[in-house]
Every structure is written in structure tokens, then in C-alpha cells.
Amino acid sequence: MSNDEHTVLPTPWWGRLGVRVAAALVVAGLISVGASLYLVQLSVEYFDARERDALEQSRQLAKQVEPVHRELIEAHISAFEARAQVLALTVGPVGNAPQAVLSQMLEQHTDIRELALGLPGRGPVQVRRPPSPDTEDWQSFDATVALPGTPSAGELTVVFEIDPAIDERYQALGQVQREIGEDRSSQGDVESAVVTVVTLAGVLVLLLALTAGTVVARTVTRKAGALSRAMARVGEGDLEVRAPTRGRDELASLARAFNRMLDELAQAQQRVAYLQRIGAWQGMARRIAHEIKNPLTPIQLAVQQLRDKDPGLDPKFSAMLRTSVEIVEDEVEGLRRMVTSFSQFAKVPQVRTRAEPLERVLREFERAYGHLSEDEGGVLTVDVPDEPVSIAADRQLLKQALVNLVENAVLSAREAGREPVQVAVSVDLLAAAVVVQVDDNGPGIAEDRRERVFEPYETSRKSGTGLGLAIVKKIVLDHGGEIWIDASPLGGARFRLRLPRLSEDSPA
């Protein structure tokens, strides 16, 4: 595959996710504003037509009412003039008491404000009703008629009070006509104001949509960009990078899933790398064991022959020879033990798992290897869970791993002078796994050495080969599990073996 296929081309600005999100929100805002303007225009036109119809109907009604009102007023005027004629007829000859006649007439007619009688050869005679607060502002109508008889008999003036409701209705009619005209003239202003308000609201919506689009786009693109950069670094081989997981949206979920994938990939790589190293060390151990084992027997036979062939002529020489032979035999025995360890390490069999009850594995281990600490005053306790649990395991190899851990714990505690030696095996049950814990009261393991102790030939014991823990980790990894070290409540180290747990419906 060519390098051009791996080259990441720069994204044009119109193809960026942030620009697309902002543009989509702006387009949505434009559509919303356009639809709102269209609906407002339809509403304005509809209500404008309704208002025009209502105003026109009101104007026509006012026009129709105006002549009726005028006819009503003219009818009142005719009635006033007719009553004045009737009053002139009823005046008759007044003689020498015209004032009393007029006063009597004024008392009989409560809607007459004033009566005035003009007689030839006399001054005017006038009577007036006292003003009252209720009728002070009422309008009046003057009707003047001639007295019956000769043309020079005189005349009568009657001042009638007009009901203010008639005038108020007339004034109200005029006010209605003026308001109709004002409403028709202000209708255009109202429409302009509505359009202006809607336009300003539309501009505000667009600004809010643009702002919200920018904020959302920056948030989304920031997460997507961080995830993309993390993927690019992973593509370059950096498995330590992690994507930010802020928030609870889909991108955050994707980032968390991506990080989990990287964690699993890193663990898988570490597991493969460790198994490769162990495989290389096994090959080396196999060759070393083969090269060392062959000459050990001839060396031991040769020094024994030298000791047996000593004629005993020189006591000092004989003593030195026996001492040398003992040293050589001790060293040969040490090399044999080392060769045995190398051979065991090189010949760790392949794990063949099957469904095994965890209780059976722990019980068999306790029966077969409980003597590891009991012989010299130590204490080994095995806490078997009451709940039946099945695991996919190679029973013999898993027991060997537990034996190696317990032997390592016992030897470390004895070298540290712990009395009595305490080793405890317990189990934590999880939903999908079991964690077997081996605690001791030994010297413990410093945090900076908790990963290195699983490397071959890494040991802090004087007589240790550094292969036991490497064998344990290989067995655990071959079981699809993991192993790590914590501090123990007993004061020493706690080895924790996490093994997959079989569900009830898992195949055997």
C-alpha cells in the first residue's frame, strides 16, 4: 500500500463538521423565520380584511343611523312647536294677572324651563323655573307662537328642556364616525408595525440560531476532533493516548468505547509481548539446561575418582582433596537444581482448559500441598467459597500456579524471619470472573518491583531462580486471566489471580 493512501488530506472549510452544523441551524432558522413571516402575512391579510369589513359595516350603520337620529330630533322639534301652539291657545285672556297664569302653566309642565309672554302696550311677562343641579347642563329649545285673536294680540315664547340622552347619542354617533375614520387611517400603521416586529424577531432568531449553531458546532467538533486526533496517534502506534470522555452524548460514549478498546488492545499487546518473552526465555532455558546437564555427571564422577584414587601418602593433600571434592559436589548439586528449574520452566505444558469447579481445585490443592507451611510451624489457610463456581481451567496447571505462589510466599517469609509464617488463600466472586488471592506475612514487594517480579530470573531471594512467578503468570495468561500484586492485610504481598467465570449455560 502506497504512502499516498495513508496521507490525511486537509478538510476544506465548507466540509468541516462545525460549518455544516452551523449552516444547518442557520438554514433551519431561515426556514422557520420565513414560515413565520408567511404565516404572519396571511394572518395580517386575513384580519385586515375582517377589520376592513367590520369598519365598513360600522360606517354604513352610522350613516343609516344618522338620518334616523336627525328625524328623531326634527320630530321632537315639531312636538315642541305643537305644544307651544296648544299652550298659546290655553293662555286665553290673561286680564290683569298674566304672571299667575304663566306660573300655573309652568307648574303643570315639568319639561318647560321658561315661559315669556309679550303683550302689546305692556312690558314682557316672564316666569322661569329655578335652576337645579340635575338639569343645569341640559340643552333647550325656544318655540315662539302668536296668541290667538288679532295679529297684535301678542306672542308666547316657550323654552323646552331637551333630554340630554338625545344629545349624548348624537355626540356618540359623531364620535363613532370619527373613530371609524381613525381606525381606517391607522390600519396601515398597524400592519407596518407588525411587519417590523416580526422582521426584528426573525433577525433575532437568526442571530440566536447562528450563535447556538456555533456553540453546538464547536462542542461537537471539539469532541470529534479530539477523537480523530487520538485515532491518528493510535494509527502512528501510540497506544497510551486516550480520547476525552466529557459529557453523556453519543460522542462521549464513542470515546469511552474507544478508550476501552485501547485498554484491551494494550493489555493484549502486553500479554502477547510477555508470552513472546517467556517463549524466548524458555528456549534459552532449554538450551542452557541441555548444555549444563550433560557435563555435570562426568564432572562429578571425575572428582569422585580423584578422591577414591588418593593413596593417602600426604594427610594434608588428602584433606584438601576431600574438601575440594565436597565443594565440587555441592556446586554440581546446585547446578542440577538449577537445571531442574530450567527444565521445568522450559517444559511448562500447554494449557488445556475445561469446566472445573473452583471448589475442587482449591480442595485438591489444600490436601496435596498443605504441608508446605505446616511442617515448620507455619499456617496455611484456604477459604473455599460456599457458592458453587465453575471456571475454564487446566486443573493441574492451576494447582501448580498456586503451589508456586505459596512456596514463594513461604520462602520469602522464612528468609525475612517471620514466625510463624502465615499464608492465606481466599476467593472474591465477581459477576464474570473469580479473583483468587494469596496473602502472606512476608517482607512484601515494593511498588516499583511489582511488574518486574514476573520477568524470568528476577528474584530478591538468595536461593531463588526467578522462574516461579514467571511460570505462574504464563499459566494465568494462558487461562485468559491476569495477575497483579497489592499490599496484603497480613503485612506482606497479595497476589491476585483474575480468572474468567463460566456461566450456567456455558458449554463444558
Side-chain angles (χ1 to χ4, degrees), residues 277-349 368-369 371-378 380 400-401 403-421 423 440-446 449 452-475 492-493:
R277 291 197 305 273
I278 291 297
W281 279 110
Q282 284 180 308
M284 182 180 297
R286 188 179 301 108
R287 289 192 297 271
I288 292 175
H290 178 73
E291 295 296 334
I292 294 177
K293 183 178 182 180
N294 289 335
L296 287 181
T297 299
I299 291 174
Q300 186 175 11
L301 292 176
V303 297
Q304 288 176 354
Q305 288 179 356
L306 287 176
R307 182 188 58 193
D308 295 340
K309 297 297 183 180
D310 179 21
L313 299 178
D314 188 348
K316 293 183 178 181
F317 176 78
S318 297
M320 181 183 67
L321 180 60
R322 286 193 300 273
T323 302
S324 299
V325 170
E326 290 175 358
I327 292 174
V328 171
E329 288 179 341
D330 289 341
E331 294 301 325
V332 168
E333 184 62 27
L335 288 175
R336 287 186 186 279
R337 288 197 299 270
M338 183 178 296
V339 168
T340 301
S341 298
F342 286 171
S343 298
Q344 292 177 349
F345 175 64
K347 296 179 180 179
V348 175
Y369 304 105
H371 65 279
L372 291 175
S373 61
E374 292 176 357
D375 291 347
E376 299 189 18
L380 171 65
Q400 181 182 346
V403 169
N404 286 0
L405 289 176
V406 173
E407 284 182 342
N408 184 76
V410 171
L411 293 175
S412 297
R414 287 174 179 170
E415 287 187 3
R418 301 292 192 269
E419 291 293 341
V421 174
V423 180
D440 63 65
N441 64 339
I445 299 175
R449 294 189 62 247
R452 297 202 312 269
V453 294
F454 295 109
E455 297 294 329
Y457 309 110
E458 174 70 27
T459 182
S460 60
R461 297 206 322 268
K462 297 178 181 179
S463 59
T465 60
L467 297 177
L469 294 182
I471 294 174
V472 171
K473 184 168 184 177
K474 183 179 185 304
I475 292 174

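- A side-chain donor-acceptor contact under 3.5 Å links D440 to the backbone of A493.
- Between the side chain of N408 and the main chain of V403, no donor-acceptor pair closer than 3.5 Å is present.
- Counting only distance, with no hydrogens or angles, the side chain of R307 and the backbone of Q305 share no donor-acceptor pair below 3.5 Å.
- Across every non-hydrogen atom of P420 and N441, the tightest pair is O-ND2, 3.0 Å.
- The structure places CD1 of I475 at 4.5 Å from CD of Q400, a figure rounded to the nearest 0.5 Å.
- V472 and A401 make their closest contact through CG2-O, 3.5 Å (heavy atoms, listed as atom of the first residue, atom of the second, distance).
- Using a 4.5 Å cut-off on side-chain heavy atoms (C-beta onward), Q304 and E329 make contact.
- The two residues R418 and G442 come nearest to each other via the heavy atoms NH2-O, 3.5 Å.
- Taking each heavy atom of P443 and S412 in turn, the nearest pair found is CD-O, 3.6 Å.
- Counting only heavy atoms from C-beta outward, the side chains of L469 and L405 approach each other to under 4.5 Å.
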